[in-house]
Colleague: 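Pasting a structure below so you can have a look.
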Amino acid sequence: MVRRRGTGSLATLAFHPTGEGPLSRQLYGAIRAAILEGRLGAGERLPASRVLAADLGISRNTALAAIDQLVSEGYLETRRGSGCTVARHLPDARPAQLPARDVASPAAPRLSKRGRSLAETPRAYSGQGAWHPCFVPGLPDSSDFPFALWARLLARSWRHPDASLIEGGDPGGHPGLRRAIADYLRQARGLRCDAEQVMVVSGIRQAVDLTCRLLLDPGDAVWLENPCYPGIRAAIAAAAARIADIPVDDEGIVVARGIAAAPRARLACVTPSHQYPLGVALSLQRRLQLLAWARKAKSWVLEDDYDSEFRYQGRPLATLQSLDGEGRVIYVGSLSKVLFPSLRIAYLVAPPSLVDAFRKARTVIDEHPPMTPQPALAAFFAEGHLAAHIRRQRKRYAERQARLLELAGRHLAGKLELAPDTAGLHLVARPTGGLRRLADTEIARRLGAAGIVAPALSRYYVGRKREAGLLLGYAAVPDDRIEPALKRMAEVLEA
């Protein structure tokens, strides 16, 4: 406590040095608290700095530093000949507390139909609370991604960045990355495209959303695979489109059913290389049938090629875009599953007739994609790192799938039946025996309670006719964790 010495204003100042932080900062806090709490009133005069320092047993410079800071923030005022006083108008004086009153609970906000559709869409799995490993479908293994190399590429591009990187640049994305993506797609997927047709987006859902904004009016019909990924359904529903749910069989989407249900549909959204979530590929006959329909109906096809890099047997399938002679296919793909999920970079390849419209629409919505990772990613492509990483991952995932199948046959026999897949990052497990009498949603719920994530296949369907099963993502499960996870599953299923 400070002793009285000619002025009573600091007689009750609580200053107890704690050793935490500089003494000047501690003194500043003590005086400021005294002012805000009213122990030092407006206009009260403080002792001279020499007196204050002597009373507190500190150096004069320490006292001056605290006072100067309080003056600069407006808590104290200085006048020639009258020393330092408490300011009459404080910078952050707290208003008088209003009496409490009962507030009625606000009514639930009224959402639009599109808003309700978005709000009710199941949230993608976040990974929180699950026992590791869990079988989250679509999650890649990023454990051996070359992050040190990635950091060097980022540093290289941002040590002396080009003005276009700082100012935003092209609405389609970084020119170097667009060239690299076009080269990659021509070589790896047989696309007919150049860099001008490529647009960098933050994810496949953004590509779908942009396509819907550009091509659909409210009420326009859209073919959508049934089952399909809920995020794609939500993006199309948000455009107020009329969704025609078209069944999928062993050859992919049943085109004849689509023509019967909505012959003049404006858009067909398909996953022909590896249907999600069933994993089937669209047969060549149906690919040609789909393109013939689009040509005749003057409709568009959105080809979602979300994981074509991970094909383990046979030659890569021909894309719809490479078979399209009329410029009716909009091709989209993702790099987040190839590299790591938080990268959030995907691409859209527009038909030549839509390139200008897509670029203009992009500038209206969000100007341009984030530029920070794009030059580094362009170098990752150009220097061969992407191709090498894909080769490593493809080999790893193929081995992981084989291990999952072997161990599942040992631990889940009579409970779940798994069939191999020539591509992708997950398998569909079908209930057998007594489990067929139980809804797959209930099986998934019980596994989830035990920390195992295995989404129910039926949740990807709409309508009454739904297949039962569980989706088991294997790509991100470490090799030594697969068997313990399956044993735990078996324990739950046995109950």
Colleague: Compile the donor-acceptor pairs under 3.5 Å between side chains in residues 450-457 and protein atoms, sequence neighbours left out, one pair per line.
Modeller:
none

Colleague: With heavy-atom distances below 4.5 Å as the criterion, would you say the side chains of V477 and V136 are in contact?
Modeller: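 No, their side chains stay 4.5 Å or more apart.
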Colleague: For the atom pair CG (L377) and OG1 (T372), what is the distance rounded to the nearest 0.5 Å?
Modeller: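 Output value for this atom pair is 12.5 Å.
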Colleague: State plainly whether the residues R233 and D245 are in salt-bridge range, i.e. N to O under 4.0 Å.
Modeller: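 Judged by the 4.0 Å cut-off on N to carboxylate O distance, R233 and D245 do form a salt bridge.
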Colleague: Report the residues that fulfil side chain to side chain contact (heavy atoms under 4.5 Å, CB included) with S143, sequence neighbours left out, ordered by chain and then residue number.
Modeller: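 With sequence neighbours excluded, S143 shows a side chain to side chain contact (heavy atoms under 4.5 Å, CB included) to D141, R396, given in chain and number order.
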Colleague: Does R60 have any side chain to side chain donor-acceptor pair (under 3.5 Å) partners at least two apart in sequence or in another chain, and if so, which?
Modeller: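 Only S49 meet the side chain to side chain donor-acceptor pair (under 3.5 Å) criterion with R60.
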Colleague: In chain order, what residues pass the ring pair (Phe, Tyr, Trp, His ring centres under 6.0 Å) check against Y461, with sequence neighbours excluded?
Modeller: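 Testing Y461 for ring pair (Phe, Tyr, Trp, His ring centres under 6.0 Å), a comparison that skips the adjacent residues, returns none.
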Colleague: For R213, is there an ion pair with D209 - N to carboxylate O distance below 4.0 angstrom?
Modeller: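 So D209 pairs with R213 through a salt bridge.
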Colleague: Taking the six-membered ring for Trp, are Y229 and Y306 ring centroids under 6.0 Å apart?
Modeller: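 No, ring centres 6.0 Å or more apart.
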Colleague: Checking the side chain of R266 only, and the main-chain atoms of A221 only, is there a donor and an acceptor separated by less than 3.5 Å?
Modeller: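 Between the backbone of A221 and the side chain of R266 there is no qualifying donor-acceptor contact (under 3.5 Å).
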Colleague: Does N226 reach the main-chain N or O of V462 with its side chain, forming a donor-acceptor pair under 3.5 Å?
Modeller: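 Here the side-chain-to-backbone pair exists.
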Colleague: Can you pull the side-chain hydrogen bond (donor to acceptor under 3.5 Å, both in side chains) pairs that have at least one residue in residues 214-224, sequence neighbours excluded?
Modeller: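 Every candidate side-chain hydrogen bond (donor to acceptor under 3.5 Å, both in side chains) pair involving residues 214-224 fails, so no pair, neighbours aside, qualifies.
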Colleague: So, using ring pair (Phe, Tyr, Trp, His ring centres under 6.0 Å) as the criterion, who are the partners of H274 when residues are at least two apart?
Modeller: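 None.
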Colleague: Less than 4.0 Å between a side-chain N and a carboxylate O, is that true for E491 and R488?
Modeller: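 A salt bridge is absent here (no side-chain N lies under 4.0 Å from a carboxylate O).
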Colleague: Dump the intermediate steps for salt bridge (charged side-chain N to carboxylate O under 4.0 Å, His left out) on R466 and D440, then the final yes or no.
Modeller: CA-CA 10 Å; R466 304 178 180 221; D440 62 352; over 6 Å; no
Colleague: Would you say S334's side chain and I204's backbone share a donor-acceptor pair under 3.5 angstrom?
Modeller: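 Answer holds: no.
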Colleague: Is a side-chain N or O of R400 found less than 3.5 angstrom from the main chain of A475, in a donor-acceptor match?
Modeller: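 Looks like yes, one N/O pair under 3.5 Å.
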Colleague: Quick one: list whatever passes side chain to side chain donor-acceptor pair (under 3.5 Å) with R242, sequence neighbours left out.
Modeller: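 For R242, no residue satisfies side chain to side chain donor-acceptor pair (under 3.5 Å) once neighbours in sequence are set aside.
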Colleague: Under the 3.5 angstrom rule, does the side chain of Q374 hit a backbone N or O of P370 as a donor-acceptor pair?
Modeller: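 Present.
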Colleague: With rounding to the nearest 0.5 Å, note down the distance linking CD1 in I181 to SG in C193.
Modeller: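 It comes to 9.5 Å.
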Colleague: Set out, in order, the CA-CA distance, both residues' side-chain angles and the distance that settles salt bridge (charged side-chain N to carboxylate O under 4.0 Å, His left out) for R179 and D183, then state yes or no.
Modeller: CA-CA 6 Å; R179 285 193 298 272; D183 291 343; over 6 Å; no
Colleague: With sequence neighbours excluded, what pairs up with R391 under the side chain to side chain donor-acceptor pair (under 3.5 Å) test?
Modeller: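 Here no residue qualifies.
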Colleague: Among pairs that include at least one residue of residues 468-477, which meet side-chain hydrogen bond (donor to acceptor under 3.5 Å, both in side chains), considering only residues two or more places apart or in two chains?
Modeller: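 Counting only pairs at least two positions apart or across chains, the side-chain hydrogen bond (donor to acceptor under 3.5 Å, both in side chains) contacts touching residues 468-477 are Q401-Y474.
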Colleague: Under 3.5 Å, is there a donor-acceptor pair linking the side chains of E44 and T85?
Modeller: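 No pair is found: no donor N or O on one side chain lies under 3.5 Å from an acceptor on the other.
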Colleague: Inspect the contact between K337 and E309 and indicate whether a charged nitrogen and a carboxylate oxygen are less than 4.0 angstrom apart.
Modeller: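 The answer is no: the pair does not qualify as a salt bridge.
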Colleague: Taking only residues two or more places apart in sequence or in another chain, which ones pass side chain to side chain contact (heavy atoms under 4.5 Å, CB included) with R152?
Modeller: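 R152 satisfies side chain to side chain contact (heavy atoms under 4.5 Å, CB included) with A148, L149 once adjacent residues are dropped.
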Colleague: Taking ring pair (Phe, Tyr, Trp, His ring centres under 6.0 Å) as the definition, give me every residue that meets it alongside F380, ordered by chain and number, with sequence neighbours left out.
Modeller: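 F380 satisfies ring pair (Phe, Tyr, Trp, His ring centres under 6.0 Å) with F145, H385 only.
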Colleague: Are the side chains of V200 and Y347 in contact, using a 4.5 Å heavy-atom criterion?
Modeller: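 No, every pair of side-chain atoms sits at 4.5 Å or beyond.
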Colleague: For I58, is there any backbone N or O sitting under 3.5 Å from a side-chain donor or acceptor partner on T62?
Modeller: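 No; judged by distance alone, with no hydrogens or angles, the pair does not exist.
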Colleague: Taking the basic N atoms (NZ, or NE/NH1/NH2) and the acidic carboxylate oxygens, is any pair closer than 4.0 Å for E399 and R403?
Modeller: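 R403 and E399: not salt-bridged.
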Colleague: Report yes or no: do R189 and S308 form a side-chain donor-acceptor pair below 3.5 Å?
Modeller: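 Note: R189 and S308 side chains meet the donor-acceptor criterion.
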Colleague: Applying side chain to side chain donor-acceptor pair (under 3.5 Å), name anything that partners Q197, two or more places apart in sequence or on another chain.
Modeller: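 Once residues adjacent in sequence are excluded, Q197 has no partner under the side chain to side chain donor-acceptor pair (under 3.5 Å) criterion.
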